[in-house]
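Only this structure's heavy atoms are used, side chains among them; waters, hydrogens and symmetry mates stay out. All values derive from a computational prediction rather than experimental measurement. Just so we're on the same page: letters track the sequence lines, and every chain starts at 1.
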Protein chains: 2
Amino acid sequence: MAQKAGVSVTTVSRVINNSKPVSSELRERVERVIKETGFAPSEVARGLVHRKTKLIGLMIPKVANTFFSQLIEGAEQVAKANGFNILLTVSHMDMEKEVDYLSIFKDRQLDGIIFSVSQFTNLHRQFFNEFEIPTVFLGQQIKETPYPYILIDNFKASYEATKYLINKGHEKIGILKGPDYDISTGYERYRGYQQALQDAGLAVHDDWVFSDFHDINNGYRGMKTIMEQDELPTAMFACSDVMAVGAINYLQDHGFRIPQDMSIIGFDDAELSTMFRPKLTTIRQDSFEMGAEAMRCLIEQIVEKKTEKKEIIFPHQLIERESTAETTNYLRR
Amino acid sequence: MAQKAGVSVTTVSRVINNSKPVSSELRERVERVIKETGFAPSEVARGLVHRKTKLIGLMIPKVANTFFSQLIEGAEQVAKANGFNILLTVSHMDMEKEVDYLSIFKDRQLDGIIFSVSQFTNLHRQFFNEFEIPTVFLGQQIKETPYPYILIDNFKASYEATKYLINKGHEKIGILKGPDYDISTGYERYRGYQQALQDAGLAVHDDWVFSDFHDINNGYRGMKTIMEQDELPTAMFACSDVMAVGAINYLQDHGFRIPQDMSIIGFDDAELSTMFRPKLTTIRQDSFEMGAEAMRCLIEQIVEKKTEKKEIIFPHQLIERESTAETTNYLRR
DNA sequence: CTGTTAGCGCTTTCAG
DNA sequence: CTGAAAGCGCTAACAG
């Protein structure tokens, strides 16, 4: 390349990066050859010099899930707009894999990490202690690192969802939640539910609490388990839309009508919330925008070369649709 | 690192890569320091030496779509198992972006590309002519490059879907398809539909043909457009499940029953096919496995250092569920 | 078996 | 304004 244009590599570098003045003559010559040969500098070599890769590691538990797939799109868009690319890894909620990927991120000298932790273990702690790399945590309040985290207020959102059901006259309210160790969708959402019940003078009925991974089958199974109890709830708070849909499927398959026989509120406002009939009443969180914001926050850390601990709480919103109703005309159970 | 262990960097390299014999004494010393410091070699520097990055570029039009999100998971799993990582880009069906990303892939010296092309333009052609990089195309028969492509037989699958409807006694069959320039989900699926109709002595009714991007709203809109015609079909072939769901929503919202008043067959067997009620009759394609296989095929090219043109046709399968029925007791229209 | 040397393709001093 | 030289962190070829 430099040869072809009859200049030094330095000059080529200078015209490409516009880093130092170059005479218009040489510049033109170089530009011509660039156009002809389609030359572009090796990002790898550049990376070696600058100790920057312009690569962001994005680690999430699952792709095939509206929340995450939209989040990815948001993050990708912002990354692209800032000259970054995304190295995507899927952890499948496996802590070992998470730590494994973390060190891959390190070895590859990624410029930053966006990380949806499933559980912050000692191995995680160790990594972030030993190694310094701009990071944004997703979905959980990770307080023990200097890095920001971004999430919605799961406690509050769940409190509101439960309160909403209570305001509709429900007193027997069950919950379909994530696994206990999943702080945000398991623990926090359960806490909100519990608190709302308590504040209304209602008791938590353990038989109406079901925990497992968020997927449709578990929603189905969870609802089944609960409907096999002697005493039945009149409303359910499903901590994800997929759980809600699974639950509704179970109920409909067994002759129950929604919302006439059971009110169900979901969480996420996934695309399916409106495709599904009845349309889901749910808590909306803007996952695309959360991905975008996480990426903005990360890039800011990278370019400013400083990270400040901050907590980004995203707004959520209760959207009332068709899967919930007043208790007034509920059958006696 | 080398200093700490009191050896040369070469020796360190040798124990890490096990590339040449090292005395057990030095080896131990080095290993100890590695353990202590958590040292790991820079992938970037390695990449520069080897001209390999162990990175695969994956370009798809959309993440938030079951077909692609599962495909990503399949590809990621295989990549990981072989020591590769994925650089993910989302093209949003934008040809310029596609070409743009292609050259990013080149500049970053990715080891290979898995590419779901929307339309193979001159710019694409030019890229693949000028530049040699292991590639696997996804979803379209790209015949003009030396690289393999992987897809299902869209023509045949659509023929079967349409034939299935015909066998149920339907003679008035509409179609909700992808945009024309989308060879696989637009053109090929339309061709299969058309051929099946023709072979059965049925005519294509242009008013029952609707084309647009595959999403739920377009399914809704498409069905609306068709239902506003004077003469109505008794069955629809939706070229994607999301289209099918949109269509069903429209019909149900307007008092039609599925499948009693209209039979609908989808395409993809997305997760929602069974969550949705009525459960969708659809054409199943295994996108996870397609992603995995594409990655295997790509990695083979990379390690064998040779590419042979091949065509990987994945099986598809018609799955009969609840959204289709015999015409026998259809209302006269 | 081990270390020294060269070089991967770039950018950044440092001279001129 | 321009080029030569040094070096980013590693591996491979070459001596010893």
Side-chain angles (χ1 to χ4, degrees), chain A residues 1-34 37-55 83 85 103-111 131-133 302-303 305, chain B residues 1-34 37-55 83 85 103-111 131-133 302-303 305:
Chain A
M1 161 71 215
Q3 280 195 34
K4 270 196 178 162
V7 298
S8 70
V9 284
T10 316
T11 305
V12 175
S13 169
R14 297 212 254 253
V15 348
I16 286 179
N17 300 306
N18 230 311
S19 47
K20 281 208 171 181
V22 172
S23 71
S24 57
E25 194 205 322
L26 289 200
R27 156 160 276 123
E28 235 165 75
R29 246 198 287 164
V30 172
E31 278 169 348
R32 196 168 41 71
V33 178
I34 287 181
T37 61
F39 173 88
S42 155
E43 283 303 328
V44 181
R46 277 185 162 174
L48 187 58
V49 175
H50 289 138
R51 285 93 165 289
K52 288 196 183 159
T53 52
K54 288 291 196 170
L55 267 176
N85 286 117
S103 57
I104 290 181
F105 287 175
K106 182 195 103 191
D107 301 344
R108 285 194 178 276
Q109 276 141 265
L110 302 197
D111 291 352
F131 195 67
E132 209 169 292
I133 178 169
I302 295 171
V303 305
K305 291 182 172 63
Chain B
M1 161 70 214
Q3 279 193 36
K4 269 197 180 160
V7 298
S8 71
V9 284
T10 315
T11 305
V12 175
S13 169
R14 296 213 254 254
V15 347
I16 287 179
N17 300 305
N18 230 310
S19 47
K20 282 208 172 181
V22 173
S23 71
S24 56
E25 193 206 323
L26 289 199
R27 154 160 280 123
E28 234 166 75
R29 244 197 289 162
V30 172
E31 277 168 349
R32 197 169 40 70
V33 178
I34 287 181
T37 61
F39 173 87
S42 155
E43 284 302 329
V44 181
R46 277 185 161 174
L48 187 58
V49 176
H50 288 138
R51 282 90 167 285
K52 289 197 182 157
T53 51
K54 288 288 194 173
L55 267 177
N85 287 118
S103 57
I104 290 181
F105 287 175
K106 184 195 101 190
D107 301 344
R108 283 194 179 275
Q109 275 141 268
L110 302 197
D111 291 351
F131 194 66
E132 209 168 295
I133 179 169
I302 294 171
V303 304
K305 292 184 172 66

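Using a 4.0 Å cutoff on non-hydrogen atoms, the parts of residues 17-32 of chain A near DNA chain D are A:P21, A:V22, A:S23, A:L26, ordered by number. Of the residues in residues 40-52 of chain A, A:L48, A:V49, A:R51 come within less than 4.0 Å of DNA chain D through at least one heavy atom, sorted by number.
Comparing A:V7 and B:F39 by the nucleotide of DNA chain D that holds the closest heavy atom to each, the one mapping nearer the 5' end is A:V7.
You'll find the side chain of A:V44 stays beyond 4.5 Å of the side chain of B:E43, heavy atoms only.
We find that CG of A:D107 is positioned 13 Å from C1' of D:dG9, with the value rounded to whole Å. Taking atom CD of A:Q3 as the reference point, atom P of C:dC10 lies 13 Å away to the nearest angstrom. If you take NZ of A:K4 and P of C:dG9, they are 15 Å apart, rounded to a whole angstrom. Across the protein-nucleic acid pair, B:R14 atom CZ and D:dC10 atom P stand 15 Å apart, rounded to whole Å.
A:D111 CG to A:H50 NE2: the interatomic distance, rounded to the nearest 0.5 Å, is 11.5 Å. Here CG of B:L55 is found 11.0 Å from CD of B:Q109. Values are rounded to the nearest 0.5 Å. Here the straight-line distance linking atom CZ of A:R14 with atom CG of A:L26 works out to 10.0 Å at 0.5 Å rounding.
Using modelled atom types and a 3.5 Å distance limit, the side chains of A:S13 and A:T10 yield no donor-acceptor pair.
Side-chain nitrogen and oxygen atoms of B:S13 include none within less than 4.0 Å of the OP1 or OP2 phosphate oxygen of D:dC10.
Between B:R32 and B:E28, no side-chain nitrogen of the basic residue sits less than 4.0 Å from a carboxylate oxygen of the acidic one, so the salt-bridge criterion is not met.
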message = Working note: A:N17 + A:R46, criterion side-chain contact (heavy atoms from CB on, under 4.5 Å); need CA distance, chi angles, decisive distance, verdict.
response = CA-CA 11 Å; A:N17 300 306; A:R46 277 185 162 174; 2.8 Å; yes
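Judged by distance alone, the side chain of A:R29 and the main-chain N or O of A:A5 form a donor-acceptor pair under 3.5 Å.
A:T11 comes within contact range of the sugar-phosphate backbone alone, with a heavy-atom separation under 4.0 Å but no base atom that close.
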